[in-house]
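What follows is one structure encoded as structure tokens, with my remarks underneath.
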Amino acid sequence: RDRETERERDRDRDRETVTVKLICTFRGTVTHGLALEIGETVQILEKCQGVWFSLFFSQGIFPTSYVHLKKATGKINKHVGIYDAVCAALVALFLWQTVSLSLSLSRCNNENEWYQIHENIIRKSSTKYTAPSTNYGLIISLQLLRGEMEQIRRENPMIFNRGVALTRKLGFPDVIMPGDIRNDLYLTLERGDFERGGKSVQKNIEVTVYVLYADGEILKDCISLGSGEPHISEHRSFVLYHNNNPRWSEVVKLPIPIDCFRGSHLRFEFRHCSTKDKGEKKLFGFAFTPLMREDGTTLSDESHELFVYKCDENATFSNHALYLGLPCCKEDFNGCPNIPSSLIFQRSTKETLWISTQLSSTKLTQNVDLLALLKWKAHPDRVMDILGRLRHVSGEEIVKFLQDILDTLFSILDDNTDKYGPLVFQSLVFIINLLRDSKYYHFCPIMDTYIQKHFAGALAYKELIRCLKWYMDRSAEVVRQNHIQEAMRALEYLLKFIIQSRILYSRATCGMEEEQFRASIQELFQSIRFVLSLDSRSSETLVFTQAALLNSFPAIFDELLQMFTVQEVAEFVRGTLGSMPSTVHIGQSMDVVKLQSIARTVDSRLFSFPESRRILLPVVLHHIHLHLRQQKELLICSGILSSIFSIIKTSSLDTPVQEEVEMMVESLLDVLLQTLLAIMTKSQSQEAVRGHRCPQCTAEITVWNSYFSLTVLYISQPSLQLENTTPAKRKNVLDKYGDMRAMMAYELFSMWQKLGENKIHFIPGMIGPFLGVTLVPQGEVRNIMIPIFHDMMDWEQRKNGNFKQVEAELIDKLDSLVSEGKGDENYRELFSLTQLFGPYPSLLEKIEQETWRETGISFVTSVTRLMERLLDYRDCMKGDETENKKIGCTVNLLNFYKSEINKEEMYIRYIHKLCDMHLQAENYTEAAFTLLLYWELLHWEERPLREFLHYPAQSEWHRKEGLSRKVIHYFNKGKCWEYGVPLCRELAFQYETLYDYQSLSWIRKMEAAYYDSIMEQQRLEPEFFRVGFYGRKFPFFLRNKEFVCRGHDYERLEAFQQRMLGEFPQAIAMQHPNQPDEAILQCDAQYLQIYAVTPVPENVQILQMDRVPDRIKSFYRVNNVRRFRYDRPFHKGSKDRENEFKSLWIERTTLILTLPLPGISRWFEVDKRELVEVSPLENAIYVVENKNHELRTLISQYQHKQLHGNINLLSMCLNGVIDAAVNGGIARYQEAFFDKEYISSHPEDTEKITALKDLMQEQVYILGVGLAVHDKLVHPEMRPLHKKLIDQFQMMRSSLYVSDFFSIL
């Protein structure tokens, strides 16, 4: 194009300005980032300066470098000229959101290099393009959508309603579904070589591309320049200035209809564009190429060198036959070398055009053999040869035309079954085995879809059965069995074709020839049994044939079930499995294949039916018995037995399985016992060698262990738990058999007593199983088992001088068992109650008689208290309880593990459980404090720590560092930055000690960001509520206790009361704040007593400093607080009716908590109460002082413009104080306490009266400042209110200074 025109266009574009969003990476290398959770949103406040950086992010939820989004205004071209190229960076898309991506613009220094601009940028050939400028850029938005197209359309209607263009892959996707028809030819204009033509300068060449039909007409709308663009009838290339060897590399798509493809051709016309006359373009040559060759194949996917023929503007192309008979390329020229020179168009021997093509078609092919197959009717005499050459067709072509090939094969089969049947069968086997290749395995669903919806060969089943049977029958005769093995591998899909064909035939003929079909299947299975019964020990090829058949065999069961009953299919399978040799000496590999086939049979749907399982089970057990007896392939046998047990157990819920169980016992009991004994003997011998213990002793201990384990299983089996049965059934069982659990428990106890000194060998191994027996909800069983624990404690005390092992194991198992939901209410007093049954004394009674009774009693007491908490924890977790209950119960248990039992590992486990609960409830501050408990247990040392919970094996230093980061992150989310700052300093000290300046820089910036947040972000002051839980119906950790709770944001007393009553729907709300009496504490009910309390700050010094901003003071008023106050007004003595302030006393209750809020919970228990009475004068001082503070804070916020716009809040506050002072308020205080009579009668209050006077004067001064601020900000319409406030303020001030007290002073 003309350069002057291009320059003018550039100038016009430079005048336009658009606003875009730029995405830049953080400057510098950052190795540590925020601890993020999936789905969280992060606001990053780091400033980004300097030029743009590369946007190549590593894949993940969040980029590895910080990202800063800002708005920037710059002059940016709306349209990219031919000299500009967009260099797109690769970005890992977030799976759930749109990602905005900044693309830099690069300018090509030489337009002749345009065709490879992207390669130059990738190779960083900076001399061939100009580096990006900060004034140029392009923003695109990417969104990743997953799923099928129809699903995406349904889920995202707004996207598709905006006219989104659908772009298909250049080439084929991994899977081509039937019905997915496509016919696209991609054409690339690569380059050309042209003569100068006697001119002094080179040409400006433009290429015009046309698609023409067989009759010479131009095909309309058959050229696409890009998705979403309208199709056009011709394409004009861009023009390179004065270049006889242009390189374009332009790609266009030619969506040519399939019926127009044959006979069509492409024509390329070449014109010289004059730089003098803008509209003059002179035709000087053309090239062409047919789209389809004479043999019916399309243009091959490669580069083509086309001949250029000379012509001029007067040349006519109306008779396309004049040039179509000419050779278009070297291949055509070799076919017709003698071209007469008298033709209109003469070839320019020194000029050529290079193009490349790529075909993406489901109906057209470039393979001659495949085309011959698809069009076999054109050459019926060559069908045998065509079918034989199918194996030479590439797999990509076959899967691409899979449906058409299958349709063709069955069409040939229908044409002449006797003649073509075997060859069609071989071709079908070849295709089925091709799909078994891992490269094409994902096309199997397409084959399934074809069989179910598109297959129409109703007569095919006869020939397929005949051929399959013929192959099997020849397996004993043929030496080379490759073709037989291929047929065996294809057995599954051959059966699918056979069954579907028979179904189609049956529908068409109303079930004719049913008996013949069944007979043919019977004969087919006879052939299968024949193959498997052959002795393969002398023939390696036969082994492979049998293995292929056994591998495919279990896959045909589901197909057979479509035509036969469950019992009939089971008989087929039983006969087949029974035909296998009953020996395990046929070769180890064959044994494995045989057992694997049996295992797949057991795992199949057929085996899940009880009626088929009874038929199949004997033959399956027979083969397992053989292998177990010979101690062969035990691992596979155990897997099969495990599957059988699992299936029988599942079936036992619906159908009786006694017959199957008896069958297994009769078949396998003896051989299983022999196998177990052999394994035990072998392992015991190995243990004896390692431990220098006699094998006989080891065997005895193993037998005893087995006995105890079997006894425990017997007592715990579900069928003996009579509590879960109906009363009638329970009575019948007890009358007939008695409680067999108690009987077995007596036997267990008796055998335990016979161990004598050998009891020590079963400690602590049997603690868990015996404790499991005590979970049986039967009192007598529990009473029998409890003394065993005394024996364990006693024997360990004798051996080690303590019973730490018993203690540790008992606590661990209790926690594990109860957390799994086991145990009942009576389990709380398992070890401490006096026994109810039997001659055995209680555990406490036995311990009291021992020399170690103090430690024993302490242990039993601790375990009893632990069980109370564990059962509460279990009830909360098991029931549909609220998060608050679960958190409170977990806190209770966590504190118990720390303070009473000192089990550090259990303590840490519950720390993380509590943290997860807080995170789920979005209590981020509490989650941070909870993790701090674990943080405090760690030290800054390099001691290696093992893998634990979700922590990897790492040093103690690194684990504490990771915890620090996570705690800091949670404090940030909870907006408690003041708690995060000390941790930042702690980390900074560690990094500075190690000279890790990179991490030090990061943590210092984090600390600075926290200070900014403290000063800039708004935080709400929470309200606090005192809650009393009274009555025996409350859980143990709440019963008859009082707590102070930190409310949620915006939560007031009424909302909190409703929330608590919702969590305890059976509770009764108490309407008074008085302490409950003993009757309420001991009643079987729930009473809630709730009222608001005021925090009493610990750090008063900060609150009294004038220069500290109110945002900082606000934090210390409501955080790190242990003391809370509640005031109850009352009149001491007779009430003064003229001025009630004279007799108005305050009962001030101060609640002191066990721990300060916030902490590891949103509520903590009240540790003690303090009660004081505040005199009327002291109360007046307190009220005025608080009001002064409130006024001072509000006025300061308006003075420093922290509150903008609406001044209603200031107006109301000033009006409330001034109006109250005029109509009462502090005027009442004057009457009450500035009276001469009061002053003379209370000389001890002189200092307090003076303090009150000073506070009143201070209030007058504050009000004056507030009115001055109000005067500056008040809206003109509110001037009358301001004037009223001024007048009332004058009255208030004058009333104060004319009082007798002020005059006296």
Side-chain angles (χ1 to χ4, degrees), residues 29-40 58-65 687 690-691 764-765 767-768 804-805 807-817 819-820 890 893-894 897-898 901-920 924 927-973 980 982-1003 1006 1160:
T29 305
V30 179
T31 59
H32 304 287
L34 294 174
L36 298 179
E37 308 262 339
I38 291 179
E40 290 182 346
S58 64
Q59 187 174 4
I61 296 300
F62 201 74
T64 54
S65 48
E687 287 183 12
R690 287 196 300 266
I767 290 179
K804 292 294 183 184
Q805 275 188 307
E807 180 181 353
E809 186 72 10
L810 194 63
I811 290 172
D812 285 348
K813 295 300 181 183
L814 268 178
D815 186 280
S816 174
L817 292 169
S819 296
E820 290 173 4
T890 308
L893 189 55
L894 178 147
Y897 274 122
K898 179 184 179 181
I901 295 185
N902 195 24
K903 289 280 291 181
E904 184 173 289
E905 183 172 326
M906 301 302 296
Y907 174 61
I908 296 172
R909 287 182 185 276
Y910 280 97
I911 284 175
H912 288 82
K913 288 182 180 181
L914 179 60
C915 179
D916 291 340
M917 291 180 192
H918 280 310
L919 293 177
Q920 187 174 356
Y924 297 110
F929 277 113
T930 303
L931 275 188
L932 268 179
L933 297 177
Y934 185 31
W935 183 89
E936 291 168 353
L937 296 176
L938 300 173
H939 301 90
W940 296 107
E941 298 174 356
E942 292 297 330
R943 181 170 62 94
L945 297 180
R946 63 180 176 85
E947 185 177 348
F948 180 60
L949 298 177
H950 59 273
Y951 299 102
Q954 58 189 154
S955 69
E956 189 172 4
W957 194 98
H958 281 99
R959 185 168 296 181
K960 186 159 186 171
E961 181 204 22
L963 274 173
S964 302
R965 290 169 174 271
K966 191 170 286 190
V967 171
I968 290 171
H969 173 57
Y970 291 152
F971 276 135
N972 180 40
K973 295 192 71 170
L983 280 176
C984 290
R985 293 174 182 168
E986 176 85 10
L987 269 181
F989 174 77
Q990 295 299 325
Y991 291 145
E992 190 171 10
T993 304
L994 297 174
Y995 296 95
D996 186 357
Y997 290 152
Q998 197 171 44
S999 300
L1000 179 63
S1001 171
W1002 171 79
I1003 197 64
M1006 181 76 72
I1160 64 171

I need the Phe989 CZ to Leu1000 CG distance, nearest 0.5 Å.
12.0 Å

Is the CZ atom of Phe948 crowded by more than 12 outside heavy atoms at less than 6.0 Å?
yes

If we ignore hydrogens and angles and just use 3.5 Å, is the side chain of His918 paired with the main-chain N or O of Ala928 as donor and acceptor?
no

Side-chain contact test, heavy atoms from C-beta onward, threshold under 4.5 Å: evaluate it for Glu961 versus Tyr991 and give yes or no.
yes

Return the set of residues passing side-chain hydrogen bond (donor to acceptor under 3.5 Å, both in side chains) with Tyr997 (not counting sequence neighbours), or none when no residue passes.
none

dist Ile1003:CD1 -> Glu986:CD (nearest 0.5 Å) comes out at 11.0 Å

Taking all heavy atoms of Leu987 and all of Ile968, pick out the closest pair and write down the distance.
CD1-CD1, 3.9 Å

Is it true that Lys960 and Glu956 make a salt bridge, defined as a side-chain N closer than 4.0 Å to a carboxylate O?
no

For the pair Arg959 (side chain) and Pro952 (backbone), establish whether a donor and an acceptor sit closer than 3.5 Å, ignoring hydrogens and angles.
yes

So, Tyr907 versus Tyr934, ring centres under 6.0 angstrom or not?
no

For the NE2 atom of His958 and the CH2 atom of Trp940, what is their distance to the nearest 0.5 Å?
10.0 Å

Return the minimal non-hydrogen interatomic distance between Ala927 and Leu919, and the atom names on each side.
CB-CD2, 3.7 Å

Working note: Leu983 + Leu932, criterion side-chain contact (heavy atoms from CB on, under 4.5 Å); need CA distance, chi angles, decisive distance, verdict.
CA-CA 10 Å; Leu983 280 176; Leu932 268 179; 4.2 Å; yes

Is there a side-chain contact between Leu914 and Leu933 in this structure, where contact means two heavy atoms from C-beta onward sitting under 4.5 Å apart?
no

CG of Leu937 to CD1 of Ile911: how many Å apart, nearest 0.5 Å?
6.0 Å

Determine whether the aromatic ring centres of residues Tyr951 and His912 are separated by less than 6.0 angstrom.
yes

Answer whether the closest heavy-atom distance between the side chains of Thr930 and Tyr970 falls below 4.5 Å.
no

Do Lys913 and Tyr910 meet the cation-pi criteria used here (NZ or CZ under 6.0 Å from the six-membered ring centre, within 45° of the axis)?
yes

Heavy-atom closest pair, residues Met1006 and Cys984
CG-SG, 4.2 Å

